[in-house]
Amino acid sequence: MLMLHQDRSQRGCDGGVGSPRQIRGNRGPNVLILSGAGKPIFVRYGSSSFTDRTDQTHRHEHHQQEQDTHGDEGGSEEEEWATACSLLQALRANVMSFGLYSQEGPAAPLGDIQSIKAGRKIIVFVNTEALTLVAISDDGHTKHNNDCIETEAWLRLQLEYVYSHVVFTLTDQVQSIFKRSPSYDLRTMMGHNVNASLRNLLDRFDSVDLVSCGEEEGAGGGNPTQGTGCGSFLTASVECISPIPSEVRDQASRMLINACCFKGGEGGNNSNNNPARPVFAILMVGTRLVTLVQPPNPSSQLHTSDLHLVLTFVGMQPGLLTNELWFPMCLPRFDSSGFLYAYTSCLDTVTGLSIVLISPNNSTEQFETFRFAANTLRKNLGLRPVNKSKVLRIYESTSTASSVSTGITDNHDLSDDKSGNSEGSGQHFDDAAWERQDTAHEDLHDDYEDDDVSTSIVARIRPAVGDAKPRLPIGERQVSTTNYLSNSTIYTPPSPEKEKEEPKDEPLIAALTIALLPKTQGDMIESYLRLASAAHFCFRCDIFSSHPDDIGHDASGGMLSQCFGPPISFPFVDASSQRHVWNVYQRLSLRLRLGSSSVESTMDALDMITDAQRGDDNGVDYRGISRDCPAQCLFESPPNIHGVTYVQENDWLYVGLNGKFFELYATLPSTITPRTGTAYCARLVRTLMGDERILFLSNPMTWTS
């Protein structure tokens, strides 16, 4: 077991010492996926020669290259991890075979192993039928006390997201494969792209900001499109680009609905019953949300975990700015048994604004409909048309279960393929991934000048917002005087004469350009921090995505949880102190929900959630994987009662505060008393709730809006 906690400075998953991936590996836990037979499938800090096995030819060539460069290091590492995974499965089997003997009857089984703790080292297990996931956390080098290491619930949450991402890529049919063939090597189906996506997802759980620690340039807190990352998972919510006036978001939502509901490429009518309309439509920048349109039925709306998977997978695709992508995806909490199909395209390369349209139809006609909708929205936003190649390349998979959309083998022109591959008859492992190449992206927005962007945008947006009237307060929430962007006028279609003129920025593009400026972000965050005398905070706000009267008794599906907060920076300038803040937040979150952050209370809560979901099987069409993800359900469920909890240490006071539709975690100087700190946090909550209309998607729309 010593090898499981090896010095990660000696190994990097992408190569040599000091690579960005290896640097990130020095903080987050190592994560393993292994089969029931003990075969390793994925290792977060394993080398690429071990984790990427797309076909036999690739294996042979890569192995030969590794031998020429490093001797037989790749093979020896694979043997080491195979041995370690076999030991872990043997440990599970031994624990399950033990029992507690008593005088009243035979031995009662202990059940499956959940976690192992030794000093500051924690190993957490998650077992899902034929797959076992393991997280190995080692906080041995931290300067803080032993009570504030990562919690078992937090490590289990990461494992559940990893399993969700496997289902996101392969559907739950992966379990059936191992039932038929326990010794099957799943690495042949996953390949490099899936492994890279898994690591990107785990990197978002990282509690360390690379820029403020001086370990990496141009990432972490230095990128305003990435947000806090870790805080969104802790609060089970998504981050939005802010500040953006609610009128601008509402306008963008209506434009998105109109573009997607427009029937036919040359004409037609705006119909809510259009069969080509997507199920979900998303506008996003990086991994943060701009707006979202969903079905009106709460049970058909996206779970937060599914939305995280979509935002992470699409937002961290390296080719998104220059390609249109068409690929299958499975939403594990929505329906884990089959694929939906997603179209993605970057609308504006300056701000990174991208569109995601999701449909159950994978036909060529559906792709063309989505492409037309994206072009219509781009035109309505006043963006320059994108000149792209007329060649649509289709990467086909074979009919065997070992090839899915990530196993790209051959490509050819659509015009040369008339075999009917455009129809959506294939399911699960018989799908094609379509990629449309951009051959003229160097001409995009060539009329922009970096030095004049902010000045020209501000000059154009100011005259248009002078007469705008604010909306009425939402419920009991008062709109505060804090405002960083003026409200925008409602969108009206341009006249034919104006359409002939040069494209101009609509309010959404202008607002995004201003919101993404470092000065805008810095001034906004600084004002909120001063308000509470805080060094850091993370805030969650729950907003109805449909009218409360339409939700009925179960309101969980009708809420869109969103979070807001700054990346951790000064005075937390090293990885140890930054991780410590998030570890304390983890415990505050469990205290608010369970009354205790102990392992026993957490395991009892997870067992109760699992038992409750199994009890729902009688007469219920249960399509998702929620029964395998109790930690996701735990963090998604808001505390039942209003509460306050805090931890006071030598230099800092950590406060957790929750109420109806909100949750807050903040770090304040220890010179402030808990009573005063709670009052400061309550004042911050009132201001954030009042600024809901510029910080969050305050009016999530549905297709019937």
Side-chain angles (χ1 to χ4, degrees), residues 28-29 31-35 41-42 44 124-135 152-178 186 189-190 193-206 229-230 232-238 280 282 287 300-317 327-340 342 356 358 404-406 428 556-557 561 606 609-610 613 622-637:
V31 172
L32 292 75
I33 305 177
L34 48 149
S35 66
I41 298 172
F42 169 81
R44 184 183 183 185
V124 174
F125 296 77
V126 168
N127 306 291
T128 60
E129 296 185 31
L131 292 178
T132 299
L133 298 91
V134 183
E152 285 84 349
W154 180 247
L155 294 174
R156 184 181 178 97
L157 181 68
Q158 296 186 52
L159 294 180
E160 291 180 2
Y161 266 97
V162 169
Y163 175 64
S164 297
H165 195 282
V166 173
V167 177
F168 175 85
T169 307
L170 305 175
T171 77
D172 60 7
Q173 295 298 309
V174 66
Q175 300 285 2
S176 302
I177 293 176
F178 282 107
L186 193 63
M189 296 178 59
M190 295 177 62
N193 292 334
V194 178
N195 292 328
S197 297
L198 284 171
R199 293 187 176 106
N200 287 336
L201 177 64
L202 289 168
D203 286 346
R204 291 197 63 203
F205 277 90
D206 194 356
C230 180
S232 63
F233 291 101
L234 177 67
T235 57
S237 54
V238 295
F280 307 104
I282 303 171
T287 58
S300 299
Q301 294 175 359
L302 282 172
H303 288 268
T304 302
S305 58
D306 288 346
L307 189 53
H308 269 306
L309 295 177
V310 174
L311 294 175
T312 302
F313 183 81
V314 175
M316 303 187 78
Q317 286 294 321
F327 55 90
M329 65 165 61
C330 172
L331 299 178
R333 300 280 294 279
F334 180 75
D335 187 349
S336 60
S337 62
F339 282 122
L340 296 174
V356 181
I358 303 174
V404 291
S405 59
T406 55
H428 305 310
S556 59
S561 297
L606 296 178
I609 293 173
T610 303
Q613 290 166 351
Y622 205 86
R623 300 175 296 176
I625 62 168
S626 295
R627 71 184 69 187
D628 295 319
C629 301
Q632 289 184 11
C633 298
L634 175 62
F635 282 94
E636 288 176 2
S637 59

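It should be emphasised that the depicted structure is a prediction, and the values quoted were computed from it without experimental measurement. Nothing fancy with the numbering, it's 1 onward along the sequence.
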Donor-acceptor pair, side chain of R199 and main chain of R44, under 3.5 angstrom: yes
Criterion side chain to side chain contact (heavy atoms under 4.5 Å, CB included) on L186 and F178, from CA distance to verdict: CA-CA 9 Å; L186 193 63; F178 282 107; 3.8 Å; yes
L155 versus P29, closest heavy-atom pair with distance: CD2-CG, 3.8 Å
Nearest non-hydrogen partners of S336 and V167, listed with the distance: CB-CG1, 3.9 Å
Approximate separation, where rounding is to 0.5 Å, of Q317 CD and T312 OG1: 11.0 Å
Distance-only polar pair, side chains of Q632 and S305, donor-acceptor under 3.5 Å: yes
Nearest-0.5 Å distance that lies between atom CG in L133 and atom OH in Y163: 8.5 Å
Close side-chain approach of V124 to Q158, heavy-atom, < 4.5 Å: no
Nearest-0.5 Å distance that lies between atom CZ in R333 and atom SG in C633: 4.5 Å
L201 side chain near L309 side chain, heavy-atom distance below 4.5 Å: yes
S232 vs H308, side chain to side chain contact (heavy atoms under 4.5 Å, CB included): CA-CA, chis, key distance, verdict: CA-CA 9 Å; S232 63; H308 269 306; 3.3 Å; yes
T169 side chain reached by N193 side chain, heavy atoms, under 4.5 Å: no
Minimal non-hydrogen separation, A153 against A631, with atom names: O-CB, 4.3 Å
S164 and I625, any side-chain heavy atoms less than 4.5 Å apart: yes
CG-CG distance between L32 and L159, expressed to the nearest 0.5 angstrom: 9.5 Å
S337 and D172: CA distance, side-chain angles, deciding distance, side chain to side chain contact (heavy atoms under 4.5 Å, CB included) verdict: CA-CA 6 Å; S337 62; D172 60 7; 4.2 Å; yes
Side-chain heavy-atom pair F313, H165 within 4.5 angstrom cut-off: yes
Validation row: D206, C230 side chains within 4.5 angstrom (heavy atoms): no
Close side-chain approach of I282 to L307, heavy-atom, < 4.5 Å: yes
Inter-residue atom distance R156.CZ - F635.CZ, 0.5 Å rounding: 11.5 Å
T132 OG1 to F125 CZ distance, which is reported to the nearest 0.5 Å: 8.5 Å
Residue pair L131, I41: steps toward the side chain to side chain contact (heavy atoms under 4.5 Å, CB included) verdict: CA-CA 9 Å; L131 292 178; I41 298 172; 3.6 Å; yes
Side-chain heavy-atom pair L170, I177 within 4.5 angstrom cut-off: no
Donor-acceptor contact below 3.5 Å, side chain E636 vs main chain A236: no
